[in-house]
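Predicted, not measured: the structure shown is a model, and the values here were computed from it.
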Amino acid sequence: ELIIVDNGSTDGSFEKIRGYIERREGVKKKIIRLKHNLGFTGGINIGFKARDKDSKYVAIVNNDCIMFNESLRVYIDVLESFSELGALQGVILRLHESGIDSSGLYLTDIMMPVPFYEHVLDLYRDRVVICSAVEGTCPIFRINALSKAFASEKIFDESFYGFGEDIFTSIQLWRAGYKIAFISRPVAKHKRGATWRSSEALYYSARNFLAMTKMFSGVRKQFIRTLTFLRGSYNNPKAINLLFKAYIDSDKLMKKLLDKYERQKLPEEMPLIKISPMKEFSTILLRRTLVSYVNQIISKNINRFTIARI
C-alpha cells in the first residue's frame, strides 16, 4: 500500500503527483492533501493513521529520498527474521554526490546522535547491526512495536514538528522492550536539507535536542550540548537569536514531553556512547572529532553489535 501525504504544498506539485499516481496500476494507493503544513511529524502521522489496519509494517520515504528496488523486500525479510526489532534502516547514500548521507545512529550521553560510517560498505557490508536509533529519512517500523511504545496511534510525537523525533521514537521503542538495527547495505539516496529552510532547521534541531538533553542528561551534559549549537553561530547575530529562542522554548517542550511520558531514563539496553570531559571539550571545537571517536568505538565492537549477515 502506497500512501502519499501532501503537507500543505502551494506550488502545483499535488496535482502533478496525483496525476502520476492515478496512472499507476497494480498498486493500492491513497493520496491525502492537507490544507496546512503540519510539519514532518504531523504529515507522517496523518499518513500512518490512513493505513490499512491489517498492516504489519510501515516504511517512511521522505520526499527528497529515492528508495532502491528490492530495499523494502530486504527490510521486511530482516524484520520477519528478528521479532525483537522494532525499527530498521539501511545505509542512505547522498543524492548527486559521493558518500554516505546516513546510517544507523549511535547516541552519545550529550544527546548527539552519530551515524556509523567507517568501513560500513566494505569490511562490514551486508550485516544487521544493533544501533541506538534509526534516522527519519527512510526507516521501517513494526506497527505492534509502535502501539506498545505510544499510548495513541502515531510514529512520531508531533510536539517535535521536525528534527529529533526519530531519536525520541527510537528511545520509546527501546523502553517498550524492542531493539533497533541497521543494515549495512545501501537502500536509498537522499538530498539532505532539500525541504527545510536553514533557519527552521537550526531552530527546531536546537530546541528539540536541547529538550531531550534536559530530559535525559545531567547539567554538565546540557551545558556541553548547548555549546555545540553555538559553535558554528558565534559570528551570526540572526543565528544567535534563533538559538536563544530555541533554548527558552526547549524548556516548554521538555515540560510538554514530561506531562505525556513522565521522567524517563535512557534504557540500559540501548547502546549509549559515554563521552569523557576531554572529548566533550574537543566536540565543542570540532564535531568530526566526536564522529571519528564514536566510529572507532563501534568498529571495535562491531561483532558484538552484529546479529546477522545477509
Side-chain angles (χ1 to χ4, degrees), residues 39-42 105-115 131-136 149-152 154-176 180 196 199-234 236 239-285 287 289-291 293-294:
F40 178 67
T41 56
L105 297 176
Y106 290 87
L107 198 59
T108 62
D109 59 1
I110 58 173
M111 292 305 292
M112 183 179 286
V114 175
C131 58
S132 308
V134 290
E135 202 250 359
F150 293 112
S152 57
K154 58 189 171 189
I155 298 178
F156 299 128
D157 191 296
E158 292 180 30
S159 305
F160 283 84
Y161 193 80
F163 292 93
E165 73 293 319
D166 42 11
I167 304 296
F168 192 78
T169 289
S170 296
I171 292 171
Q172 301 312 309
L173 288 170
W174 278 101
R175 293 187 73 249
I180 310 292
W196 282 97
S199 58
E200 287 181 322
L202 177 63
Y203 169 76
Y204 285 112
S205 179
R207 185 198 67 162
N208 297 348
F209 277 103
L210 288 174
M212 285 192 287
T213 307
K214 293 174 182 179
M215 193 171 180
F216 294 115
S217 301
V219 175
R220 192 181 88 247
K221 302 294 184 182
Q222 295 171 26
F223 177 69
I224 297 298
R225 191 65 173 107
T226 303
L227 291 179
T228 63
F229 282 107
L230 289 171
R231 175 184 55 214
S233 306
Y234 64 92
N236 185 334
I240 292 293
N241 288 336
L242 278 173
L243 288 173
F244 180 76
K245 183 179 187 317
Y247 186 85
I248 298 300
D249 290 348
S250 67
D251 275 337
K252 300 174 186 177
L253 176 58
M254 179 191 67
K255 290 172 184 176
K256 188 181 291 187
L257 293 172
L258 289 175
D259 285 343
K260 287 189 275 188
Y261 304 98
E262 300 180 347
R263 179 68 64 179
Q264 297 183 356
K265 290 184 179 180
L266 292 173
E268 292 183 4
E269 301 82 6
M270 185 185 76
L272 183 69
I273 310 299
K274 295 185 178 181
I275 309 301
S276 68
M278 184 60 70
K279 288 293 180 186
E280 289 174 352
F281 178 74
S282 61
T283 297
I284 295 170
L285 297 176
R287 183 181 184 274
T289 303
L290 179 67
V291 173
Y293 174 69
V294 170

Exercise answer: donor-acceptor pairs, residues 269-278 side-chain atoms, under 3.5 Å, sequence neighbours excluded:
| residue | atom | partner | partner atom | Å |
| --- | --- | --- | --- | --- |
| S276 | OG | K279 | N | 3.3 |

Exercise for review: Kindly indicate, with the supporting measurements, whether the criterion side chain to side chain contact (heavy atoms under 4.5 Å, CB included) is fulfilled by I240 and L230.
Suggested key: CA-CA 7 Å; I240 292 293; L230 289 171; 3.9 Å; yes

Review point. F40 and F156: aromatic ring centres closer than 6.0 Å?
Key: yes

Review point. Is it true that a side-chain atom of D166 and a backbone atom of G136 form a donor plus acceptor pair closer than 3.5 Å?
Key: yes

Check your understanding: Does the side chain of Y203 reach to within under 4.5 Å of the side chain of K245, using non-hydrogen atoms?
Key -> yes

Check your understanding: Ion pair present between D249 and K252, side-chain N to carboxylate O less than 4.0 angstrom?
Key -> yes

Practice item. Taking all non-hydrogen atoms of both residues into account, name the closest pair between M254 and M215 and its distance. Key: SD-N, 4.1 Å

Check your understanding: Shortest non-hydrogen contact from G162 to Y204?
Key -> O-CB, 3.4 Å

Practice item. Could you tell me which residues satisfy salt bridge (charged side-chain N to carboxylate O under 4.0 Å, His left out) with E200, sequence neighbours excluded, listed by chain and number? Key: R197

Practice item. Sequence neighbours left out, what passes side-chain contact (heavy atoms from CB on, under 4.5 Å) with S152? Give chain and number order. Key: K154

Point to revise | Candidate list R225, M212, M111, test side chain to side chain contact (heavy atoms under 4.5 Å, CB included), partner S217, passing option | key: M111

**Study point:** Close side-chain approach of E165 to E158, heavy-atom, < 4.5 Å
**Key:** no

Review point. Which class fits the ring pair F168 and Y261: parallel under 30°, tilted 30 to 60°, perpendicular over 60°?
Key: perpendicular

Check your understanding: How about L105 and I167: do any of their side-chain heavy atoms sit closer than 4.5 Å?
Key -> yes

Review point. What distance do N241 atom CG and F244 atom CZ have between them, rounded to the nearest 0.5 Å?
Key: 9.0 Å

Review point. Do D157 and L257 have side-chain heavy atoms sitting under 4.5 Å apart?
Key: yes

**Study point:** Flag if over 12 foreign heavy atoms under 6.0 Å of NZ, K255
**Key:** no

**Study point:** Heavy-atom check, side chain of F150 versus side chain of T169, under 4.5 Å
**Key:** yes

**Study point:** Side chains of V114 and L290 in contact at under 4.5 Å (non-hydrogen atoms)
**Key:** yes

Check your understanding: From D109 CG over to I224 CD1, what is the distance, rounded to the nearest 0.5 angstrom?
Key -> 10.5 Å

Exercise for review: Give a yes or no answer on whether the side chain of S132 reaches the backbone of L107 with a donor-acceptor pair at less than 3.5 Å.
Suggested key: yes

Check your understanding: Are there more than 12 heavy atoms of other residues, nucleotides or ligands under 6.0 Å from atom OH of Y247?
Key -> no

**Study point:** Side chain to side chain, F229 and S205, heavy atoms closer than 4.5 Å
**Key:** yes

Practice item. Compute whether any side-chain donor of one residue and acceptor of the other, for K221 and T213, lie under 3.5 angstrom apart. Key: no

Point to revise | Pairwise distance CD1(I110) to CZ(F209) - rounded to 0.5 angstrom | key: 11.0 Å

**Study point:** Steps toward side chain to side chain contact (heavy atoms under 4.5 Å, CB included) verdict (M112, T228)
**Key:** CA-CA 9 Å; M112 183 179 286; T228 63; 3.7 Å; yes

Exercise for review: Kindly determine whether T283 and R287 satisfy side chain to side chain contact (heavy atoms under 4.5 Å, CB included), including the steps that lead there.
Suggested key: CA-CA 5 Å; T283 297; R287 183 181 184 274; 5.7 Å; no

Review point. Is Q172 reaching over with its side chain to a backbone N or O of S170, donor-acceptor style, under 3.5 angstrom?
Key: no

Check your understanding: Can you tell me if R207 uses its side chain to pair, donor with acceptor, with the backbone of L202 under 3.5 Å?
Key -> no

Check your understanding: Distance from N208 atom CG to F160 atom CZ, nearest 0.5 Å?
Key -> 5.5 Å

Check your understanding: Side-chain contact, heavy-atom cut-off 4.5 Å: K214 with S250?
Key -> yes

Practice item. Please report the shortest heavy-atom distance between S282 and T289, naming the atom on each side. Key: OG-CG2, 3.5 Å

